[in-house]
Amino acid sequence: MCYYNGQKVTRAESIRLKGIEKAIKRYNFLNVGVHNGFNYAPCAILIPSANGKDFDIVQAEWGYVPGFVKTRTEANIFRAKYTTLNFKSENLFVKENGDRSMWADAAKNRRCLVLSTGIVESRHVPKIGKKGQELKEMIKYPYQISLKGQEYFYLPGLYNEWLDPETSQFVITVAFGITDSNQVMSQIHNSKKRMPAILTDELAWEWLMEKPSEERLSQIARTQIPSRLLDFCTVDRNYRTTLEATPLDYPELAPIDTAFIDTEELKFNHWPMELEQLSDQKEEMVLAGETIPAYYPPRINKQGDLFS
DNA sequence: CCAGACGTTGTT
DNA sequence: GTCTGG
DNA sequence: CCAGACGTTGTT
DNA sequence: GTCTGG
């Protein structure tokens, strides 16, 4: 799984996908180093534009809420009960038991892309006792993982929307797909060997704009990026309060093994052997004109009462 | 994912 | 330790 | 028929 | 809303 995602596009003035650019400078929710999924914070997603030939960048709450939920209160109750920050890409249309999955309708009709500038996962290392023995207690070392040479990348998302009758806000909620981790991610996220699917621009476009078969959509959602295309570094443990992934070295920590990297078997070999460098050589983002403020959802407990 | 609770009673 | 709520 | 679930994990 | 389990 993956519950911490960065959307800190500080250097680019636009988001590009397959040659199409959209300005982002008016969206102030796009400059966040780490979104905490459990805050259902506003985040940026790409959805197809009305003409079907282009995309729009819109705001969504991270934490998918299914269609039968129509009010903020019901949504909060649902989210308090279920974790819908991610969907298992293996279960995009069909559950393990063969039933149609809860995601199927969105997978067919409401696909989107979740922008990422780096995800955060923790590596669990056993504490060492006084006599050098491994203890059951784990020390957690957070890592930020990103894509070599790219300022941002795309995760396959599913969204849903409802008109909140209380606030007249149009609410979009979103989840992104996770798959088996590759060899590097298995060492970092070693407690649960899962990671988000990371898409090439080609696959992102196909997921967002085309009408692939269920089989093909499942395949795209399960895309497993090769280890050698990932960048990673340890970051400061306070990332959840600062909402920033600040690189920090932990000298006591054994390095991640990358000796295998050229021979890693690619299970879902959608990725080109060499990643084309998109090289966003853009200047510092200049906030100009009117800024669209982020809308933070009200928090409501199980009784439906507001709290801060 | 982390932080915090972790018990009993009564009550429309 | 383990479960739950956010 | 109604009541309840509807998600992700986990495991040596 | 819709499906499943009892």
Side-chain angles (χ1 to χ4, degrees), chain A residues 1-6 33-41 43 61-110 118-124 126-127 134-145 155 157-162 173-181 185-186 188-197 221-222 235-243 245 296-308:
Chain A
M1 77 297 216
C2 179
Y3 303 149
Y4 298 92
N5 180 41
V34 182
H35 286 302
N36 179 346
F38 292 95
N39 292 338
Y40 316 120
C43 62
E61 293 173 18
W62 188 7
Y64 182 91
V65 175
F68 57 83
V69 173
K70 298 289 187 210
T71 67
R72 174 61 64 184
T73 301
E74 289 169 2
N76 278 271
I77 292 168
F78 185 86
R79 282 167 163 164
K81 196 153 193 266
Y82 305 104
T83 302
T84 53
L85 305 175
N86 304 138
F87 61 87
K88 281 186 81 166
S89 293
E90 297 90 330
N91 300 347
L92 188 59
F93 290 100
V94 181
K95 296 200 276 190
E96 275 102 347
N97 66 9
D99 290 352
R100 196 82 173 154
S101 90
M102 161 186 143
W103 309 104
D105 187 54
K108 208 158 192 56
N109 302 311
R110 295 182 308 280
I119 61 171
V120 176
E121 295 285 16
S122 280
R123 178 179 172 193
H124 293 62
K127 229 176 189 170
E134 282 192 0
L135 300 179
K136 207 157 57 173
E137 194 181 342
M138 294 289 194
I139 305 172
K140 274 160 281 184
Y141 295 94
Y143 282 71
Q144 183 176 54
I145 301 97
L155 314 176
L158 300 175
Y159 70 94
N160 207 352
E161 55 206 356
W162 87 89
T173 63
V174 68
F176 60 77
I178 53 170
T179 189
D180 287 331
S181 53
M185 278 301 298
S186 294
I188 294 172
H189 194 24
N190 55 353
S191 65
K192 299 146 196 182
K193 303 193 175 180
R194 303 282 294 171
M195 67 175 184
R222 289 165 59 218
V235 297
D236 198 301
R237 290 195 170 92
N238 64 15
Y239 67 94
R240 265 173 286 108
T241 47
T242 60
L243 302 184
Y296 291 87
R299 307 293 301 251
I300 303 171
N301 66 14
K302 282 199 169 192
Q303 283 73 46
D305 305 321
L306 275 168
F307 67 97
S308 57

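Residue numbers begin at 1 in each chain, while the letters A, B, ... track the order of the sequences. In what follows, every heavy atom counts, from backbone to side chain, and hydrogens, waters and symmetry copies are set aside.
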How long is the line joining [atom1] of [X] and [atom2] of [N], in whole Å?
| X | N | atom1 | atom2 | result |
| --- | --- | --- | --- | --- |
| Asn97(A) | dC3(E) | CG | C1' | 11 Å |
| Leu85(A) | dG6(C) | CG | C1' | 11 Å |
| Met138(A) | dT2(C) | CE | P | 14 Å |
| Asp99(A) | dG5(E) | CG | C1' | 12 Å |

Give one of base, sugar-phosphate or nothing for [X], where a contact means two heavy atoms less than 4.0 Å apart.
| X | answer |
| --- | --- |
| Lys70(A) | nothing |
| Arg194(A) | sugar-phosphate |
| Asn36(A) | nothing |
| Ile178(A) | sugar-phosphate |
| Ser191(A) | sugar-phosphate |
| Phe87(A) | sugar-phosphate |

dG4(D): pairing nucleotide in any strand, Watson-Crick or G-U under 3.5 angstrom: dC3(E)
Taking only the [atom1] atom of each, what is the distance from [N] to [M] in whole angstrom?
| N | M | atom1 | result |
| --- | --- | --- | --- |
| dC1(D) | dT9(B) | C1' | 35 Å |
| dT2(E) | dG10(D) | C1' | 29 Å |
| dA5(D) | dT4(C) | P | 13 Å |
| dT11(B) | dC2(D) | C1' | 26 Å |
| dT8(D) | dA3(B) | P | 25 Å |

Val120(A) versus Pro142(A), closest heavy-atom pair with distance: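 Smallest heavy-atom distance, with atoms named: CG1-CB, 4.2 Å.
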When every non-hydrogen atom of Ser122(A) is compared with those of Tyr239(A), the smallest separation belongs to OG-OH, 4.2 Å
Ignoring hydrogens and angles, tell me if any N or O in the side chain of [X] forms a donor-acceptor pair with the backbone of [Y] under 3.5 Å.
| X | Y | value |
| --- | --- | --- |
| Asn86(A) | Cys2(A) | yes |
| Arg222(A) | Ser89(A) | no |
| Trp103(A) | Leu92(A) | no |

For DNA chain D, which nucleotides open and close the run of contacts to chain A, 5' to 3', at under 4.0 angstrom from a non-hydrogen atom?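 For DNA chain D, the relevant span reads dA5(D) to dG10(D).
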Determine, step by step, whether Tyr141(A) and His124(A) satisfy the side chain to side chain contact (heavy atoms under 4.5 Å, CB included) criterion, reporting the C-alpha distance in whole Å, the side-chain angles of both residues, the deciding distance to 0.1 Å, and the verdict. CA-CA 7 Å; Tyr141(A) 295 94; His124(A) 293 62; over 6 Å; no
Which of parallel (below 30°), tilted (30 to 60°) and perpendicular (above 60°) describes Phe78(A) and Phe68(A)? perpendicular
Contacts of Phe68(A) and Met1(A) projected onto DNA chain D by closest heavy atom; the upstream (5') one is Phe68(A)
